[in-house]
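Right, one structure below, let's go through it.
Read the numbers this way: they start at 1 and go in the same order the structure lists the ligands and their atoms. Both backbone and side-chain heavy atoms feed into the values below; hydrogens, waters and symmetry mates do not.
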Amino acid sequence: MKELFDQLDFVENPLYENIITDLIEQQYSIIDDFFSPEEVTLLRDSLLEKYEEDNFKKAAIGNKFEEKIINAIRGDFVLWIDEKKNDPSEQLFFSKINNLVSYLNETCFLGILHKEFHYAVYPKGTFYKRHLDTFQNDNRRKLSFVCYLNDDLWKNDNGGELTIYKTENNQEITKNIYPLPGRVVIFESQVLEHEVKPVLAAERYSITGWLKTR
Ligand SMILES: O=C(O)CCC(=O)C(=O)O
Ligand SMILES: [Fe+2]
């Protein structure tokens with residue numbers, strides 16, 4: 001009887017259901033306005049404060065044991081986010097993420113147990129060449145998650161689009177996604193190669209993360 005009531009407690013979330021359908025059908029999902037303009041401003045301010053304090057590091061390739069900075073591959077600066085820290089905007093960020101993760105675990109049996117997120121800044125002229133997120137010796141990465149924190153003035157000709165590569169009917173197709181504020185992109189880490197096209201004007205701000213198994 002108790003189980004029945006537990007099931008009745010479950011409230012279907014149309015936004016999350018769309019994400020799940022997209023992931024099943026195309027291995028990626030684009031969610032506009034996942035974060036409200038106010039939330040984006042809070043998160044961007046938090047990023048900028050830490051960036052100006054010089055807390056960011058040049059992003060590396062590979063895991064902690066083989067850190068090599070390879071400018072030819074990626075030029076962004078990152079700062080890992082610690083969920084345990086009492087930063088209000090980061091708490092808000094994680095409350096939304098955790099909500100989604102709980103839903104995915106309840107409905108899709110994905111078994112997401114861990115997550116890791118970092119802020120990222122791509123200065124003008126930088127990029128991240130085509131790659132698979134699991135090349136970093138971490139096959140526990142199940143879903144990649146990118147959240148864009150640029151401001152409303154972001155223009156498509158600033159460059160910095162996320163390009164996703166897919167094979168359909170033996171042909172490679174590309175999907176270009178602009179880093180618009182509040183927009184979130186989720187994709188299968190082990191399946192979809194992608195790249196960040198050169199940022200031509202203005203700094204590009206985001207939070208990137210991975211939902212992981214085991
Ligand atoms: O910022 C993006 O759009 C993607 C970043 C990315 O691919 C990564 O950090 O692995
Ligand atoms: Fe990536």
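Residue H131 touches ligand 1 through its side chain alone, judged by heavy-atom distances below 4.0 Å. When non-hydrogen atoms are compared, ligand 1 lies under 4.0 Å from neither the backbone nor the side chain of F187.
Between F117 and F93, the ring center distance clears the sub-6.0 Å criterion.
Scanning for salt bridge (Lys or Arg N to Asp or Glu O under 4.0 Å) contacts around R140 gives D138, with sequence neighbours left out.
Ligand 1 lies out of reach of E161, whose nearest heavy atom is not under 4.0 Å from it. Taking a 4.0 Å cut-off on heavy atoms, W210 registers as neighbouring ligand 1.
Applying the 4.0 Å criterion to heavy atoms of V146 picks out, from ligand 1, the atoms 1 (O), 2 (C), 3 (O). Atom numbering of ligand 1 starts at 1 in the shown order; those under 4.0 Å from a heavy atom of V196 are 1 (O), 2 (C), 3 (O), 4 (C), 5 (C). Those atoms of ligand 1 with a heavy atom of T208 less than 4.0 angstrom away are 9 (O).
Evaluation of the ring-ring contact (aromatic ring centres under 6.0 Å, His included) test over residues 157-186, restricted to residues two or more places apart or in two chains, returns none.
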Identify each donor-acceptor pair in which a side-chain atom of residues 145-154 lies under 3.5 Å from a protein atom, sequence neighbours left out, and give them as a table.
{"unit_1": "N150", "atom_1": "OD1", "unit_2": "Y205", "atom_2": "N", "d": "2.8"}
{"unit_1": "N150", "atom_1": "ND2", "unit_2": "P179", "atom_2": "O", "d": "2.8"}
{"unit_1": "D151", "atom_1": "OD1", "unit_2": "L153", "atom_2": "N", "d": "3.0"}

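Between H194 atom NE2 and T163 atom OG1 the span is 10.5 Å, to the nearest 0.5 Å.
Protein N/O/S atoms found under 2.8 Å from the Fe ion (ligand 2): H131 NE2, D133 OD1, H194 NE2.
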